[in-house]
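Working notes for the structure below.
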Amino acid sequence: MKLEAVDYNAENAAELFVESLRTTGFGVLKNHPIQQELVQSIYDNWHRFFNTEEKENFRFNVETQDGFFPSEVSEVAKGHTKKDIKEYFHYYPWGQCPAELKDELQRYYDEANKLAGELLAWVENHSPVSVSEGYSQSLSSMIDGSDKTLLRVLHYPPLNGEEELGAIRAGAHEDINLLTVLPSANEPGLQVQTKEGDWLDVPCDFGNLIINIGDMLQEASGGYFPSTTHRVVNPEGTDKTKARISLPLFLHPKPEVVLSERYTADSYLMERLRELGVI
């Protein structure tokens, strides 16, 4: 099985995209509206930022979870014991951000959110009636005006051979949110687990946009759209000396949105953050 990129401009793009999400948990889009030049500029500027001491001035707020998270507080994926080899910055429009980087990042945040609303509409329009009837409101309206949607700028530093045995850049995990929107990173490594338990490389052609299902969409769809297990493996050979920047946008509904009879978006998020030891 191979993940194929769907042409955003194709007549049947929505159908092909949702079918890919349903069968592999991932959709890959090409010829989409987000400009490559903007993504590349963010990669370049944040690569420089992560290599300066300035990042320490933006250390994260525990209460609001915005700002810079150094590698020593990096996540341990659920069910794992090793910390991921990464550091990252959490950007919200209302949160802290270096002044010289904010305008560009906000522009990307706005463009990616706009496209994400369209993709959620695709998902809803191609959900079986029995599934869509279970949505408490339209999927796109769940994120409309949400201040919980998170843009994470991830920095996977070059490997130096002194990493903890068994640690990888991102352990196998599922995302918490509805959908995650991710421009192809500047280096390979992202893999998705198939229903048979095999690992597939996600195409990393620069310019592709990678979208995966999170736990909240799985909950809202009664399991019809399965949350995707994925990981970022360590590179081999000369690629070990290269840093990797990644720019996932995690689409979070407004806190009061009802996901299911069991959960609102807020109660679901809080439960998961407690499991991860973040709060």
Side-chain angles (χ1 to χ4, degrees), residues 17 21 26-27 29 32-35 38-39 42 46 58 60-69 75 88-98 101-124 135-154 170 173-183 185 209-221 225 227-228 230 245-260 263-273 276 278-279:
F17 172 77
L21 272 185
F26 267 82
L29 286 179
H32 54 82
I34 294 177
Q35 297 172 8
L38 176 59
V39 173
I42 290 171
W46 281 84
F58 295 91
F60 69 98
N61 292 311
V62 175
E63 294 80 14
T64 52
Q65 295 285 300
D66 61 310
F68 170 65
F69 291 73
E75 296 162 313
Y88 48 90
F89 195 100
H90 277 184
Y91 175 75
Y92 298 95
W94 46 261
Q96 56 180 326
C97 183
L101 298 176
K102 183 173 174 70
D103 286 352
E104 182 178 66
L105 210 57
Q106 182 62 43
R107 185 175 147 214
Y108 175 81
Y109 185 96
D110 290 339
E111 289 186 14
N113 263 290
K114 181 181 177 184
L115 178 59
E118 184 179 4
L119 298 181
L120 282 171
W122 286 6
V123 170
E124 180 164 8
Y135 299 143
S136 64
Q137 60 190 88
S138 70
L139 294 178
S140 57
S141 73
M142 289 182 180
I143 63 165
D144 191 27
S146 172
D147 65 0
K148 295 293 186 183
T149 288
L150 163 65
L151 181 58
R152 174 184 279 181
V153 189
L154 271 160
H173 66 283
E174 298 81 40
D175 293 342
I176 300 172
N177 41 291
L178 287 170
L179 288 179
T180 301
V181 178
L182 176 73
L209 202 63
I210 300 159
I211 297 93
N212 67 271
I213 299 167
D215 292 345
M216 288 185 178
L217 182 55
Q218 177 175 275
E219 183 70 26
S221 66
F225 289 103
S227 185
T228 317
H230 54 289
I245 297 283
S246 184
L247 199 60
L249 182 76
F250 300 104
L251 297 172
H252 278 275
K254 292 164 286 202
E256 68 275 12
V257 166
V258 175
L259 296 177
S260 66
Y263 291 106
T264 63
D266 183 63
S267 70
Y268 196 95
L269 177 62
M270 291 303 113
E271 180 178 294
R272 288 297 306 278
L273 291 180
L276 290 168
V278 175
I279 58 171

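FYI, the numbering just counts along the sequence from 1.
- Here the CG-CG distance, from L259 to D215, works out to 10.5 Å after rounding to the nearest 0.5 Å.
- T149 is listed as a side-chain neighbour of Y109, based on a closest heavy-atom distance under 4.5 Å.
- Side-chain contact between L115 and P33 is present, with heavy atoms from C-beta onward closer than 4.5 Å.
- In this structure, the side chains of L105 and L151 come closer than 4.5 Å at one or more pairs of heavy atoms.
- Using a 4.5 Å heavy-atom cutoff, the side chains of R107 and Q35 are in contact.
- When atom types are taken as modelled, the side chain of D66 and the backbone of Q96 share a donor-acceptor pair closer than 3.5 angstrom.
- T264 and D266 are not linked by any side-chain donor-acceptor pair at a separation below 3.5 angstrom, with hydrogens and angles left out of the test.
- Atom CG of L179 is separated from atom CD1 of I211 by 8.0 Å, given to the nearest 0.5 angstrom.
- Using a 30° and 60° split on the angle between ring planes, F60 and F69 fall in the parallel class, below 30°.
- The backbone N or O of N177 sits nowhere less than 3.5 Å from a side-chain atom of D175 that would complete a donor-acceptor pair.
- Taking 4.0 Å as the cut-off between side-chain N and carboxylate O, K114 and E118 do not count as a salt-bridged pair.
- A donor-acceptor pair under 3.5 Å is formed between the side chain of K254 and the backbone N or O of D144.
- For the pair H90/F68, no side-chain contact is recorded, criterion being any heavy-atom separation below 4.5 Å from C-beta on.
- Annotation: the span from H252 atom NE2 to M216 atom CE amounts to 5.5 Å, rounded to 0.5 Å.
- Counting only distance, with no hydrogens or angles, the side chain of S136 and the backbone of V258 share a donor-acceptor pair below 3.5 Å.
- At least one side-chain heavy atom of F225 sits less than 4.5 Å from a side-chain heavy atom of V123.
- Here the side chains of R272 and L269 are not in contact, with every heavy-atom distance at 4.5 Å or above.
- Separating the CG atom in L119 from the CG atom in L251 is a distance of 8.5 Å, to the nearest 0.5 Å.
- Looking at I245 and L154, their side chains never come closer than 4.5 Å, going by heavy atoms from C-beta outward.
- Between the side chains of D110 and Q106, at least one donor N or O sits under 3.5 Å from an acceptor N or O.
- Under the 3.5 Å distance criterion, with hydrogens and angles disregarded, a donor-acceptor pair is assigned to the side chains of E271 and Y263.
- The closest side-chain donor-acceptor pair between K102 and Y91 falls under 3.5 angstrom.
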